[in-house]
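Lettering of chains follows the sequences in order, A, B, ..., and the numbering in each one begins at 1. All values reported here derive from a predicted model rather than from experimental measurement. These numbers come from the heavy atoms of this one structure, side chains and all, not from hydrogens, waters or symmetry mates.
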Amino acid sequence: MAELLRFATCGSVDDGKSTLIGRLLYDSKQILADQLQHVEDVSQRRGDGSLDLALLTDGLRAEREQGITIDVAYRAFATARRRFIIADCPGHEQYTRNMVTGSSTADLSIVLIDARNGVVAQSRRHASIASLLRIPHLVVCVNKMDLVDWDESAFDAVVAQFAEVAQRLEIPDVTFIAISARLGDNVVERSERMPWYDGPTLLTHLEEVEIASEQSLAPARFPVQWVIRPQDADHPDYRGYAGRVAGGSLARGDDVVILPSGRSSRVAGIDTLDGDLDRASAPMSVTVLLEDDIDVARGDMIVTGEELPLVTSQLRARICWMAQSPLRVGDRYVIKHTTRSVRAVVDGVEDRLDIETLRPDQSAEELLLNDIGAVSLRLSGPLVVDPYSSNRETGSFILIDESSNDTVAAGMILG
Amino acid sequence: MSAPRSHLDSLEAEAVHIMREVAAELERPVLLFSGGKDSIVLLRLAEKAFRPAGFPFPVMHIDTGHNFPEVIEFRDRRVAEIGERLIVASVQQSIDSGRVVEETGPRASRNRLQTTTLLDAIAEHRFDAAFGGARRDEERARAKERIFSFRDDFGQWDPRAQRPELWSLYNGRVRRGEHVRVFPISNWTELDVWEYIEREELEIPSIYYAHEREVFARDGMLYAASEFVSLADDERPFTTSVRYRTVGDMSCTGAVRSGARTLTSVVTEIAATTITERGETRADDRVSEAAMEDRKREGYF
C-alpha cells in the first residue's frame, strides 16, 4: 500500500529545477519510450549535444518556443513505496504567486541552490514562502556539485548559510542533500564521487520522510459541504452532512458543536458508500449523521474539542496578492473560507513583508501583485476559523473579485 | 494516530470533495460519460459523493456515431443500473443539421467534430459545469490545467489566464454562458485508475479485455476494421487477439496486442508498459506536437 506525498519544487530557468524533475522521473523509470523519443527528437532538432531532460516538463507551445515555464504544472510518479505528486512552480516574474499556489497543498518543499553561488535572494524567498505556508518539511538540494569538483567544503558552506536562514524563519525540519541533477548523483542513484556525503539520496528521503500529518492529532473540524436528503421510500428521514474532515477525527458517539449557531449534538453515525465507519479522520470524505434533528447547512462546521474555533466577523490575515491591480483599504471582495463565502471589506493594510527577510514594512498602504502582507478584513457575516498555524484547511481562504470572478488573493489567518 | 492510508484513499477523498463542491456551488452541472475507464471511475466517485440520494446532475454522452457497439451497450446498461438520467448528444445530428461538416478520406475522423456537439449541448441545457475524466498524466498540456478549468462563452481554454488554485478552495464562479470543466481525477495516473477499478470491482466494457478482432495496421498502430474507415490499397485486415487501452472512436483508437483476459492481467500489463496511453492508442494526438493543446483551446474535452 503506497502512501501519497505531495511536494513542491520552485526555481528559475538556470538553477536546474526542470533537469532535477526530469532526472527523478527518468532514473525512477517513469519516462516511457514515446516521451523519451520526443525529448531525443527535440534535443536533436535544437542541436543539443546531450539529452535535455528539462524538455520532459515543458508543457505549452509558448513555453517550448520561448524556453520558459508559464504556469504551475502537476506531475505524478510512483515507486514501490510511495505515490508522488509534484507541484512544479516556475520562478520568473510570477514567482511568488506560483510558489504560494504550488506550496498550498504540499507536505514538502524542495529548494535548489547552485553550489557555485550559495544562498541567493531567490533561495531566501523560497524559504520564506515555505515558512509562511507552513510546509512541514524542507529539502535543500545543493545542486551542480559537479561544477565545484564534488567539494565537501562547498556543500558545507551552503549548509551553514542556509541553516542561519532556516533558524531565523523558524523552519523546523531541513534536510540538505548534495546532488548533480545533470549527472544524476544522489538524485535516485547514490553518488560515488562524493564519498564524504553520508545522507540519503533525494528519492530515498522522499520515500522515507514522515508524512503522518500534524492535523490528525488536532481537534475535529468538519465543514459541511452538502446535505444529503434522498426523501425516497427507502430513506424517508435520512439527513446526512457530507464533507471532508479538515482536521483531527470524528467518531460515532462524539459530542459535537455546530458553528456558527453554537448548538450541540452527538455523532449518530458516519456513512460511506462502503458502509458505516466508527471513526473518520482528515482528509477523508464522509457523511456525518447527527442524533438531533437540527438545522445544519452548507457553510456550517461540526467541531469537537476543548478549544473551539473562533466565530468572527473580523479577521487579521497574512495574504499573498495575486491580481494586477493593487489591494487598497476600502476594497470589497468575496471571501471563500472552507465551505462558506461572505463579503469582505479591507479595513486596513498593516504591513508588507520583505520577502527575502520576512521583515515587515509597516508604512505600506497597498499591496501589489506578488506582495505578501498583513491585512484586516471586516466581514458581512461570521466565519468559523482557526489560525493557519494550527490548521492549514480551516485557517486559509481565498479572495474573489466579484466583477471579474478572478481569485485575487490567498489568505492565511493570523492567531 | 491513524494508520497510513493508501494513495487511492487520498485520491478518492479529494475527488469526492471536488464533486460535492461543484454540486453545491454551481447551478447546472453535468457529468460527461463516455463509457471509458476514466468516466466509469467518475460515476463511482459520484456514487461515493451523493448516495443514498440520486446524483444532483444528469450524465451526458457525446456520441460520435462511430463508437464501439460494446461501449454503447455498456453505457446504457450502466446508467440504467445506477438509476441516473442519461442525455445523449449526437455528432450525427450536428452533421445532419449542418452545424459541422463530415471529414472525408481514409483518415477521416469525427474526433474534432465532437467539440461543436459538446458546446451546443452545454448551451442547449444551460450547463454551467461539466465533469470530465481527464488526467494530468495524459499529456503535457493537461499537466498545466487546473482542476476547475474556466471556459469563456466560446468554450475556450486560455492557459495564460487560469485562476490560481489554492489549498482545497475552488473558485467555480461563472457568468451566464460561461462554464467550468471540472476534472476530479486530475491527480490520478492511468495505473491509479486501473488499480481503483480493480479495488472497487467495477465493470468495464468488454473491449478492455483481450478478444479476437479483425484489425489492420496503419502508422504503426492496429485499428479495428469497421464500416467507419476506408482502407488504403495496401492495408489488409487480419484477425488477432487485442485489447483497448482507451475508448474512443473506432476510426482513431488503436488496439494493443494482448492476451490479457482478466482485470488482474490487464493491470499487470499496464504497470509494465513502456509506452504512454495516448502515444500507444490515440491517432488524434499525433497530428502535431501541440495537437491536444490546440483542441483544448477550442473547447475540446
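Interface remark: of the candidates A/Ala410, A/Gly243, A/Ser396, A/Ala76, A/Ser396 forms the most heavy-atom pairs closer than 4.5 Å to chain B. For the options A/Pro230, A/Gly240, A/Gly102, A/Ala106, heavy-atom pairs under 4.5 Å to chain B are most numerous at A/Pro230. Of the listed residues B/Arg51, B/Glu12, B/Arg136, the one with more heavy-atom pairs under 4.5 angstrom with chain A than any other is B/Arg136. Residue with the most contacts toward chain A among B/Ser10, B/Pro52, B/Ala23: B/Pro52 (heavy-atom pairs, distance under 4.5 Å). Between chain B and the options A/Thr339, A/Asp232, A/Val334, A/Val408, heavy-atom pairs under 4.5 Å are most frequent for A/Val334. Most heavy-atom pairs under 4.5 Å with chain A: of the set B/Val16, B/Leu169, B/Asn187, B/Asp137, this distinction falls to B/Leu169.
Listed here is the closest heavy atom pair of B/Gln162 and A/Arg97: O-NH2, 3.3 Å. Across all non-hydrogen atoms, the minimal contact from B/Glu25 to A/Ser341 is OE2-OG, 4.2 Å. A/Ser403 and B/Arg175 get closest at one heavy-atom pair: O-NH2, 2.5 Å. When all heavy atoms of B/Trp167 and A/Leu133 are compared, the pair lying nearest together is CZ2-CD1, 3.8 Å. B/Ala13 approaches A/Ser285 most closely through the heavy-atom pair O-OG, 2.8 Å.
Residues A/Leu5 and B/His7 form no side-chain contact, since every pair of their non-hydrogen atoms from C-beta on lies 4.5 Å or further apart. At a threshold of 4.5 Å between non-hydrogen side-chain atoms, the residues B/Glu200 and A/Leu273 do not count as touching.
Atom CZ of B/Arg199 has more than 12 neighbouring heavy atoms from other residues, nucleotides or ligands inside a 6.0 Å radius. Heavy atoms from other residues, nucleotides or ligands lying under 6.0 Å from CD of B/Glu201 number 12 at most.
Separating the CE atom in A/Met284 from the CD atom in B/Glu14 is a distance of 11.5 Å, to the nearest 0.5 Å. Residue A/Thr287 holds its OG1 atom at 10.0 Å from CZ of B/Phe50, rounded to the nearest 0.5 Å. In this structure, CZ on B/Arg20 lies 10.5 Å from CH2 on A/Trp226, to the nearest 0.5 angstrom. Here the straight-line distance linking atom NZ of A/Lys336 with atom CZ of B/Arg173 works out to 9.0 Å at 0.5 Å rounding.
One finds no salt bridge joining B/Glu195 and A/Arg83 here, because no Lys/Arg side-chain nitrogen approaches an Asp/Glu carboxylate oxygen to under 4.0 Å. Salt bridge present: A/Asp274 and B/Lys48 bring a charged side-chain N and a carboxylate O closer than 4.0 Å.
Paired with B/Arg163 under the rule side chain to side chain contact (heavy atoms under 4.5 Å, CB included), one option of A/Asp406, A/Thr101, A/Ile400 passes, and it is A/Asp406.
Of the two parts of A/Gln231, neither the backbone nor the side chain holds a non-hydrogen atom closer than 4.5 Å to a non-hydrogen atom of chain B. The contact between A/Tyr238 and chain B is made entirely by side chain atoms (from C-beta outward), counting heavy-atom distances below 4.5 Å. Proximity to chain B involves both the backbone and the side chain of A/Ile398, based on heavy atoms less than 4.5 angstrom apart. Proximity to chain A (any heavy atom under 4.5 Å) is shown, for B/Ala15, by neither the backbone nor the side chain. Residue A/Arg6 touches chain B through its side chain alone, counting heavy-atom pairs closer than 4.5 Å.
Of the possible polar contacts, one joining the A/Gln225 side chain to the B/His17 backbone as a donor-acceptor pair under 3.5 Å is found.
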